[in-house]
Every structure is written in C-alpha cells, then in structure tokens.
S.K.: 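First the structure, which I've put down as structure tokens, then a few questions once you've had a look.
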Amino acid sequence: MATTSLSSLSSSIEKTQLFSKYPSQKPFSFYPKTPQKPSFSFQTSSSQPLLNTNKTPFQLSSKNPISDIISSGTNSNGDFIDYDDDDKPREECGVVGIYGDPEASRLCYLALHALQHRGQEGAGIVSVHDNVLQSVTGVGLVSEVFSESKLCQLPGDSAIGHVRYSTAGASMLKNVQPFVAGYRFGSVGVAHNGNLVNYRSLRAMLEDSGSIFNTSSDTEVVLHLIATSKIRPFFLRIVNACEQLEGAYSMVFLTQDKLVAVRDPYGFRPLVMGRRSNGAVVFASETCALDLIEAKYEREVNPGEVLVVDKDGIQSLCLMPHQEQKACIFEHIYFSLPNSIVFGKSVYESRRAFGEILATEAPVDCDVVIAVPDSGVVAALGYAATAGVPFQQGLIRSHYVGRTFIEPSQKIRDFGVKLKLAPVRAVLEGKRVVVVDDSIVRGTTSSKIVRLIKEAGAKEVHMRIASPPIIGSCYYGVDTPSTEELISSRMSVEEIREFIGSDSLAFLPLQSLKKLLGSDSSGYCYACFSGKYPVQPRELKVKRVGDFVDDGLNGSLESIDGGWVEAPRDQTVGSF
C-alpha cells in the first residue's frame, strides 16, 4: 500500500462542529464518490480476573485441535458438538463506538445486541471516565457477559464495544475485544473488524524490537504500532500505524478524550456513522445498531478515512491515497441483517433482487417456494413473487439451540440439523418444492436439508442458491474453510446436485450479480467467487480467521501457528 506524508495529512484536516449537521450521502448509492522499544503494557479487563470465564476451554494439542473434534463429533467431555452451522461463512465481529452521551456504555450494550449476529462467542465494552479507561469483556453472548452490575462499572460519556466470533472450541478470553493498552502517553482501547494479511511479518518486526505480545490476535499488532510510533498528535499515530497494515480493517479507538474511527483504503468491511438527537456521535458495523439506539444514519466512513471525534468537533482526513473500493459482497448475501443499509444500499432490497434473478434465470415447475431460515427468507420471497408461486414456511428454525448437545446413545441420523430445522409436512407433502438458501459451502448441511424435506413427503426438491459458487477462501475478516474444503472448488454444479440429492440445483450467476450492481459492480470484492484477490497475502502463511489454537489461558507461542493455513501459491490479484 502506498503511504502518505503525515505532515501533509495534518495540514489536510477538515474540522466540523461536533453537533452541526454532517453532510449525508445518498442513502442507496453503493459506495461514496468521493522501531523503538516500546513502553507498553496490555490489559484484558480491569474489572474481571483473567480466569473468570464461563465456558470450559478445550485442551491444547500439538496438532490442529479442530480436526479431532470434527472427525469424532465429540469433545473431550464426550458431548456432541454440532458443526452444521459451521457450513456457512462466518463474520468475524461487529464494532460500536459512541461519543458524547452520558449513557454511552448502556447504549453500546444495546447496539451490540443488534450486532449479535456478527459474533456470538465473546463481547466487550470499554468506557472512559475521569481520564481512566474501564473494561469489561467476557466469553458468551452479550446478555451473558453483561449485567446491571457490570454496566455500572462502565461510567462515562464515551465507549466502544465489540462482539466476536471464533470458529470452534472454547473462545479465548485473552482474544476478546476491545483491547486496552497503556503506553507512555496514556491509554488506548481498540475494537477491530477485519483481518490483516501481513500480521506475521509485522509481529516478527515488533518482537525483534522488544515488543511482548499477550494474545494471538492480529489486532494487538495495531496497538504495538501505535505505542512505538514517534508521531504526534495521537490520531496521527493511528495513521502511522495503519499505513503499515495490509488487508481489511474497520476499527474504533478510544482514548481519554477522543473517539477515532478508521476504515481501510479498500473498504472491505462496513462502518457507518450516525448521530443521536442529543448530538452524540455513533459508529457501528451496521445501521441496525443505529436504529436500536435511535441514532440517525448519516453516512459511511469512507474507505481510507480517519474520523476523530472530541470536544472540539469532528476531524476528517484521508488515511491513504484513494483506492478502488472492494466492499465485501457477502455482507449483502448473508452477513448483514435485512433491515440494515450496508455500503449505501438496503440489504433487504439486494436479497429480494437475488431471488428474482434466480426465478428468471433458473425457473422450474413447482408448487411451493420455501427458504432455509433465516438468511434465505428474503431471497425466497423474491423468487416466489417473480415465479408466481406461493411462499410458505416449509422449514421451522429453533432459536433456542446452543452449539453443544448431549447426543443420544442410539445414533440419530442428521441429529444436529434436526435440532435446528423442522420440516412442515403439511406444506411439503406431495409437493414440488423450491428451496432457497444463501450459499453452499461444504455441502454437508444442504444434503441433510434435502433429505429432511424428502422424508417429509416432498415429491421433488429443487435447490436455488442466492449467491455464486464459493471457490476461494477469504483473507479479509470472513471465516471460510480452506479452498480444498469448499465443495464448489472441487465439483461441478451437476456433481454438487448429485452430492446433496436434489432434483435440480442452480446458483446466482456471477455476471448477473454484477449486472444488478451496474456501475457500482467494480466497487465490490468477489474473491470468494473468482479466486482473484484485491490484496494478495504477502506471507507464505495466512491467518485463518477464528482462534481455535489457544484458549487464552494456557496457550504457548508455538501454538499460534496452528491457526494459520498455507496461502495458495497461484493466487491472483486483479479485476474481476
């Protein structure tokens, strides 16, 4: 990535009054037009002892611990672990930042509830009061981590929050954000959504300079870069640190007197800004978080932009020379909630259009259209309306099932899927059924769903997938399996159809998706569909999103390598 002169950056700062009206972008445009040894200490939580975790960690192994879990279907305690939900891409996390509201931490708590779908394994909030940063983090859902007494430990009118997803096993308490660090000029907290592709080389450089790391998270690298920077003032330290980062990052920082929001030059991951009626400024991964706390959506944080909020107003500056945006198209396919506006466009409208395209380009004679809940529902509505066929709830999803179950001694086929999805025989029996889902990753869950529907009496089952085939892993903050595990990278559409057992199968054509996006299509990343990466990993190994190698309590530095996979040597960089 190119860098810019910090002196020129400081002179380009544009100030606006904190409570003045900020210029809004058009609501439905797809993207905006326009080493020194550190004095550094790291904290996991100022309010909780390190061992205060509410889940039992998995035991470490010298080999990848997830392989044994998947092959055996049980953990070390003999409990059945359902991995059917892992047959989907997973967003790494969601972030929130609030400045200028006396109820900042409680509003942050509510906003994290709205972003719970972006991460269910850990949550944390950091607030500032009397120039002291207070932190509460924990493993579990937002409602499990926070209570009235915990929120009372977080006074102040500024706060940042984070929800986190990890791929398997016990989440790591050390890796639950926001992180808080003290360095020679004060303290800083950070919450990060994304993934850095040059993490290992940066970490090695910092360790050679004397830095000591406390987690296996790439986010900690950012804090060390800030601590070792010699630039003043503080937000230019953030600029200096981000100039060294490659990959995806949407971050919010909190200091004693400032809230800072940063988005990488390609804008891979979303980050929006809003304002409450009392003038408080809010940043969040999705607009659904703004809606819940009654903050009015104003605009996206632009790719490559740094926004600094303090008592004097909002300062906006360009982090890097302009890059062509490469926003993650999977935000519209799967990750974001349908009621959110992401990258300037309604997620609901996008998904409905995906279903309409499928009905037009892959029609089939059928009696009923159903969805794989919940992410396939809007696309199924679009398919049904265009096909002129009734949409019905043929699968009912249970929202009260966790990840770990006690398996019956007598083997039940498709046990995990049956716990989550129940077919409605009255809707399916004797019918020709179109089933709409958002994606197929490994194909294991799709095959079980087809079998469930046929066992409920369906005459025919036709699968329609509201995304193109996934053939490549993501290195920008999405947890996807390695390329060899992706069924579309190994099989043709007809072979996948035979594998899952459906009577027909069709994916959303990539060219049709781009045609729908029109002139905005070049502003999206399609690497998982094309194998062409906007930012190529510079290292032989690439961080696999999700920390399943270290429980945060007992892990060694050597175990970090267990969370890395070899980067394919034939990766390409370029247009799509």
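Position 1 is the first residue of the sequence, and the numbers go up from there.
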S.K.: Once the angle between the rings of Phe330 and Phe335 is folded into 0 to 90°, is it parallel (under 30°), tilted (30 to 60°) or perpendicular (over 60°)?
M.R.: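 Tilted, since the angle between the ring planes falls between 30° and 60°.
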S.K.: Could you measure the distance from the CG atom of Leu271 to the CZ atom of Phe343? Nearest 0.5 Å is fine.
M.R.: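 One finds 10.0 Å between CG of Leu271 and CZ of Phe343.
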S.K.: Keeping the roles fixed (side chain from Ser250, backbone from Asn193), state whether a donor-acceptor pair exists under 3.5 Å.
M.R.: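 No; zero donor-acceptor contacts below 3.5 Å.
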S.K.: Ser316 and Glu305: side-chain donor and acceptor closer than 3.5 Å?
M.R.: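 Yes, side-chain donor-acceptor contact under 3.5 Å.
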S.K.: What distance separates Ser217 OG from Phe179 CZ, expressed to the nearest 0.5 Å?
M.R.: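 Here the rounded value is 4.0 Å.
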S.K.: Are any side-chain N or O atoms of Arg237 and backbone N or O atoms of Thr228, one a donor and one an acceptor, separated by less than 3.5 Å?
M.R.: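 No; zero donor-acceptor contacts below 3.5 Å.
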S.K.: Between atom CD of Glu243 and atom CD1 of Ile231, what is the distance when rounded to the nearest 0.5 Å?
M.R.: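 Glu243 CD to Ile231 CD1: 8.5 Å, rounded to 0.5 Å.
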S.K.: Rounded to the nearest 0.5 Å, what separation is found between the CG atom of Leu110 and the CZ atom of Phe146?
M.R.: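 Answer rounded to 0.5 Å: 11.5 Å.
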S.K.: Which heavy-atom pair separates Ile98 from Ala104 by the least distance, and what is that distance?
M.R.: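 In this case the closest contact between Ile98 and Ala104 is CD1-O, 3.7 Å.
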S.K.: Please check this pair: side chain of Asp310 against backbone of Lys258, looking for a donor-acceptor N/O pair closer than 3.5 Å.
M.R.: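 Side chain of Asp310 to backbone of Lys258, a donor-acceptor pair under 3.5 Å: no, none is there.
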S.K.: Counting only N and O atoms by type, is there a donor-acceptor contact under 3.5 Å from the side chain of Tyr99 to the main-chain atoms of Lys311?
M.R.: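 Yes, because the side chain of Tyr99 sits within donor-acceptor range (under 3.5 Å) of the backbone of Lys311.
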S.K.: How many angstroms lie between OH in Tyr109 and OG in Ser147, if you round to the nearest 0.5 Å?
M.R.: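 If we round to the nearest 0.5 Å, Tyr109:OH and Ser147:OG are 8.5 Å apart.
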S.K.: May I ask you to check whether Asn175 and Ser216 show a side-chain donor-acceptor distance below 3.5 Å?
M.R.: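 Per modelled atom types, Asn175 and Ser216 side chains form a pair under 3.5 Å.
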S.K.: If we only count heavy atoms from C-beta on, is the Cys288 to Leu115 side-chain gap below 4.5 Å?
M.R.: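 They are in contact (side-chain heavy atoms under 4.5 Å apart), so the answer is yes.
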S.K.: Is there a donor-acceptor pair under 3.5 Å between the side chain of Arg299 and the backbone N or O of Met273?
M.R.: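 Pair absent, no side-chain N/O of Arg299 close to backbone of Met273.
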S.K.: Taking Arg269 first and then Glu331, would you say they form a salt bridge - that is, a charged N and a carboxylate O separated by under 4.0 Å?
M.R.: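 Result for this pair is yes, salt bridge flagged.
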S.K.: Does the Arg263 side chain pair with the main chain of Asn302, one donor and one acceptor, at a distance under 3.5 Å?
M.R.: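 No; judged by distance alone, with no hydrogens or angles, the pair does not exist.
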S.K.: Quick check against the 3.5 Å criterion: does Glu220 have a side-chain atom that pairs as donor or acceptor with the backbone of Asn214?
M.R.: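 Side chain of Glu220 to backbone of Asn214, a donor-acceptor pair under 3.5 Å: yes, one is there.
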S.K.: Identify the two heavy atoms, one from Val126 and one from Pro178, that lie closest to each other, and give their separation to 0.1 Å.
M.R.: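 The pair with the smallest heavy-atom distance is CG2-CB, 3.7 Å.
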S.K.: How many angstroms lie between atom CG of Leu133 and atom CD of Gln256, to the nearest 0.5 angstrom?
M.R.: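 Taking CG in Leu133 and CD in Gln256, the distance rounds to 6.0 Å.
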S.K.: Quick check against the 3.5 Å criterion: does Asn198 have a side-chain atom that pairs as donor or acceptor with the backbone of Glu246?
M.R.: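 Pair found, side chain donor or acceptor close to backbone of Glu246.
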S.K.: Would you say that Glu300 contacts Pro270 through its side chain, given a criterion of any heavy-atom pair below 4.5 Å between the two side chains?
M.R.: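 No; the side chains remain at least 4.5 Å from each other.
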S.K.: Do Val347 and Ser350 have side chains that approach each other closer than 4.5 Å (heavy atoms only, starting at C-beta)?
M.R.: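 No; the side chains remain at least 4.5 Å from each other.
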S.K.: Checking the side chain of Glu294 only, and the main-chain atoms of Asp291 only, is there a donor and an acceptor separated by less than 3.5 Å?
M.R.: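 Answer holds: no.
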S.K.: Please answer whether the main-chain N or O of Val176 pairs with a side-chain N or O of His162 as donor and acceptor at a distance below 3.5 Å.
M.R.: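 Judged by distance alone, no pair lies under 3.5 Å.
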S.K.: With side-chain contact (heavy atoms from CB on, under 4.5 Å) as the test, would you mind laying out the steps for Leu206 and Leu225 before giving the verdict?
M.R.: CA-CA 8 Å; Leu206 288 162; Leu225 291 173; 4.0 Å; yes
